[in-house]
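Please read the structure below before turning to the comments.
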Amino acid sequence: MKNIAFIINPIAGTQKKNKLPKLITQILDKNQWLPNIVFTERAGHAEELAKQFAQMGFEAVVAVGGDGTVNEVARGVRGTQTAMGILPIGSGNGFARHLNISMRVNKAIEMLNRCEPIAVDYGLANGHVFVTTCGTGFDAMIAEQFAAAGKRGFKTYLQKIVEDLITYKPETYRIVSADAKVESQKLDITTTAFLITFANANQWGNEAYIAPKASVQDGKMDICIMSSKAVFAVPSLAVGLFTKMLDKSLFMDGAKAKDVILYREKEGPFHIDGDPVQMEKDIHIQIVEEGLRVLVEKRF
């Protein structure tokens, strides 16, 4: 049997978590897995626990929560042979959706009985790990307000967007290649943008596809630049966002890169996998190729 740990975030999403341990033990294949189930007690605890389990040689560590919990567990197991699994019970679940993991917890547990590990990329933004997206601009400001709202869920997130959409003032940014010596990787973009997202995976969460063609196995990030005029095209942008057509919009520009530096007008809000952080003016963003192992549905 293989050792597998489940790290449950008790405050992720809106569902109660007290019945999860029993559900896990009922569905998990006991001839294949030997489970260890723990609950987090504070921010950053999932990373600590995941690191401990990886050091103990566990085959897998499962993040039971949303993108924030996934991020913490990824930080704990990256660069090791321990694979990360996901039981998505958060608000957006962007990374799980990208990997086609079921949003139904029982189905996600069942998948662990017929899964396989694959190597995927993750990103760094001034040393902060991201697995799905990171970014600056309007979405970073909303992430900050959403975290302070004290109430989870897509409805709260949407409310914050509506409240600040018209009054938000776009800023000017410059994005350049971190290694300008490599001719094929040269990039130098100066733009006034509503937001800029650096995407490893294809969506923010909730099936909102900010980077429809992004791959977690191509060694590059998709840089998604939303025009400063985007406020005048909200309906069409919203349709594109949820139909995987946003990259076709005249209000979107983009590029692919492995390693860039983002220059901003001033330090301030930035988001890492949807969680807000205060970051410096200049941010070094890069992709670490195949630096993380994740459990996905076995391919026959």
Please determine if [X] and [Y] form a salt bridge, counting it only when a charged side-chain N lies under 4.0 Å from a carboxylate O.
| X | Y | value |
| --- | --- | --- |
| Lys281 | Glu267 | no |
| Arg114 | Asp29 | no |
| Glu116 | Arg293 | no |
| Glu289 | Lys220 | no |
| Arg264 | Glu280 | no |

Subject >> Audit row: Ile189, Ile225, side chain to side chain contact (heavy atoms under 4.5 Å, CB included) steps and yes/no >> reply: CA-CA 10 Å; Ile189 300 171; Ile225 304 170; 4.1 Å; yes

Nearest non-hydrogen partners of [X] and [Y], listed with the distance:
| X | Y | value |
| --- | --- | --- |
| Arg97 | Glu207 | NH1-OE2, 3.3 Å |
| Leu112 | Cys115 | O-SG, 3.3 Å |
| Val239 | Thr243 | O-OG1, 2.6 Å |

Original post:
Does Phe53 have any ring-ring contact (aromatic ring centres under 6.0 Å, His included) partners at least two apart in sequence or in another chain, and if so, which?
Top reply: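 Per chain and number, Phe53 pairs via ring-ring contact (aromatic ring centres under 6.0 Å, His included) with Phe58.
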
**OP:** Could you tell me if the ring centre of Tyr173 sits under 6.0 Å from that of Tyr263?
**Re:**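 No, the ring of Tyr173 stays outside the 6.0 Å limit from the ring of Tyr263, centre to centre.
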
Original post:
Taking the side chain from Asp188 and the backbone from Val176, do they hold a donor-acceptor pair closer than 3.5 Å?
Top reply: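 The answer is no, because no donor-acceptor pair under 3.5 Å joins these two groups.
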
**OP:** Examine distances only and state if a side-chain atom of His98 and a backbone atom of Gly94 form a donor-acceptor pair shorter than 3.5 Å.
**Re:**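 Looks like no, no N/O pair under 3.5 Å.
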
Original post:
Going by atom types only, do His284 and Asn126 share a side-chain donor-acceptor pair under 3.5 Å?
Top reply: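 No - no donor-acceptor pair under 3.5 Å links their side chains.
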
Subject >> Over 12 foreign heavy atoms within 6.0 Å of NZ, Lys169 >> reply: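 No.
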
